[in-house]
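Atoms within a ligand are numbered from 1 in the order they appear, just like the ligands themselves.
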Amino acid sequence: MEDGFGRKIDYLRISITDRCNLRCAYCMPADGVPLRPHAEILRYEELERLAGLAAGLGFRHFRITGGEPLARRGSAEFVARLGDRLRRAGPGSDLSLTTNGTLFGPVASGLRRAGLRRVNISLDTLDRAKFHHLTRRDLWPAAWEGVEAALREGYDPVKLNFVLMRGVNDDEIAAFGRLTQDLPLHVRFIELMPLGEGCAMGGEFMSADEAAALLSAVGPLEPLEEAGDVALAPSISGHAPRGAGPADCYRLPGARGTVGFIAALSHAFCGGCNRLRLTADGKLHPCLASDLEFDLRGPLRAGAGDEELAAVFRAAVAAKPAQHGMGREAAAAGLTAKRRMSRIGG
Ligand code: SAM
Ligand code: SF4
């Protein structure tokens, strides 16, 4: 599918829950957020039908996210079933998972056997006390076990999402860079976005450029080509380390993994946007930074046929804006999305 600006839209991020076992400071308030009643959350069969339909419309990249996807009962079985369905729908489609890692260790092996290859684990610190403070849960060992399990089970690539926060974890940027030299990990440094609790954290904002400057203390950053430059990234069997996302990717000297920067704010990356987001309550979001949404759950539960549902996908693609309005000024004026990442599916 192509949107009104000539962008190819072939990536669907599917949030399967708005619940989470952590309370990251930039995402959720300490006492959580009002949760949707279970009846409003799409059932697994409904999610499978919509993903199958999207595959038929040309979507090739699928990511399961949340909230914390693994906090939903039956999620591991669902991921395995969906992977199987997408494989049968045709060659070339890939499924990945974004998780905070704390519940991943015990299911890593089963999911790998079921065919899941790619995983993104969000980890903003290597320090247990800092993790406890940032996420309001003392679960760093479980999160790290998730990372180790992903490596042990041969997931490829294993990406680490690191949200840049000045005065919080900027002192660990170099350490995460060195991690890519020691282990086949692909660290993505992400600019803090004015979404959810992130709206109140302007002072902690740090640009990707500043992070890159700090990282170059570890060594020169060798740029990687987007088109799967396997020669530059020998650990990545046939995959572009960049994947389907908006990161600028580099390799540090002798590194087994890569580093990448997602400059959501300082360099608008919208020109390459290729995605729609499906929320757990069945709304399609054309843009992460906008509250505009298209309802799929209503028609789905009213017995709509595939063509009627496909029309909702087409309308959402057609409504993609050229660019987000997520600048700090827009956030201050209350113009950005009211939904938080845990809702929309980051
Ligand atoms: N719970 C899972 C996790 O943390 O990986 C999946 C959902 S989480 C919303 C997806 C990603 O969004 C995480 O990497 C998280 O760090 C990121 N995120 C959440 N709020 C953010 C914000 N305000 N700015 C930047 N990234 C944010
Ligand atoms: Fe949960 Fe992920 Fe949000 Fe952290 S970023 S509170 S792990 S949904």
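The aromatic rings of His61 and Tyr11 sit perpendicular to each other, their planes meeting at more than 60°, with 30° as the lower class boundary.
Between Arg314 and Glu307 there is a salt bridge, with a side-chain nitrogen of the basic residue lying less than 4.0 Å from a carboxylate oxygen of the acidic one. Note on Arg113 versus Glu153: no salt bridge recorded, every NZ/NE/NH1/NH2 to OD/OE distance being 4.0 Å or above.
Close approach to Thr65 involves these atoms of ligand 1, each under 4.0 Å from a residue heavy atom: 6 (C), 7 (C). Listed by number with element, the atoms of ligand 1 under 4.0 angstrom from any heavy atom of Asn161 are 14 (O). Set against the non-hydrogen atoms of Leu195, the atoms of ligand 1 under 4.0 Å away are 23 (N). Atoms of ligand 1 found under 4.0 Å from any heavy atom of Gly67, numbered from 1 in the order shown, are 1 (N), 2 (C), 6 (C), 7 (C).
Of the candidates Met28, Arg188, Glu68, the one placing a heavy atom closest to atom 2 (C) of ligand 1 is Glu68. Of all the listed residues (Ser15, Gly66, Ser122), Ser122 holds the heavy atom that lies closest to atom 5 (O) of ligand 1.
Residue contacts with ligand 1 for Thr99 involve N, CA, C or O but no side-chain atom from C-beta outward (heavy atoms, distance under 4.0 Å). With a 4.0 Å cut-off on non-hydrogen atoms, Val163 touches ligand 1 through its side chain and not its backbone.
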Run the side-chain donor-acceptor check on residues 100-108: report pairs under 3.5 Å with partners two or more places apart or on a different chain.
from   : atom 1 : to     : atom 2 : distance (Å)
Asn100 : OD1    : Thr102 : N      : 3.0
Asn100 : OD1    : Thr102 : OG1    : 2.7
Asn100 : ND2    : Asn21  : OD1    : 3.0
Asn100 : ND2    : Glu68  : OE1    : 3.2
Thr102 : OG1    : Asn21  : ND2    : 2.9

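With sequence neighbours excluded, no residue forms a ring pair (Phe, Tyr, Trp, His ring centres under 6.0 Å) with Phe5. Among residues two or more places apart in sequence or in another chain, the salt bridge (Lys or Arg N to Asp or Glu O under 4.0 Å) test is passed with Asp84 by Arg87, Arg88.
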Stepwise side chain to side chain contact (heavy atoms under 4.5 Å, CB included) test for Ile14 and Leu47: CA-CA 8 Å; Ile14 304 175; Leu47 288 165; 3.7 Å; yes
Audit row: Glu191, Ser207, side chain to side chain contact (heavy atoms under 4.5 Å, CB included) steps and yes/no: CA-CA 6 Å; Glu191 287 181 354; Ser207 72; 3.8 Å; yes
Evaluation steps, side chain to side chain contact (heavy atoms under 4.5 Å, CB included), between Met201 and Leu192: CA-CA 8 Å; Met201 292 178 66; Leu192 179 65; 3.7 Å; yes
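Side-chain heavy atoms closer than 4.5 Å link hydrophobic residues (I, L, V, M, F, W, Y) into clusters, and following such links, possibly through other members, connects Phe78 to Phe59.
Taking any N or O of Leu192, backbone or side chain, none lies under 3.5 Å from an N or O belonging to ligand 1. Annotation: Thr98 places no N or O atom under 3.5 Å from an N or O atom of ligand 1; distance criterion only. The shortest N or O to N or O distance between Asp124 and ligand 1 is not below 3.5 Å.
The cationic group of Arg72 lies under 6.0 Å from the six-membered ring centre of Tyr44 and within 45° of the ring axis, placing it in a cation-pi geometry.
Using 4.0 Å as the threshold, Glu191 has a heavy atom nearer than that to some atom of ligand 1.
Partner of Phe162 under the side-chain contact (heavy atoms from CB on, under 4.5 Å) criterion, chosen from Leu123, Thr125, Ile173: Ile173.
Shown are the protein N/O/S atoms under 2.8 Å from atom 1 (Fe) of ligand 2, given by residue and atom: Cys20 SG.
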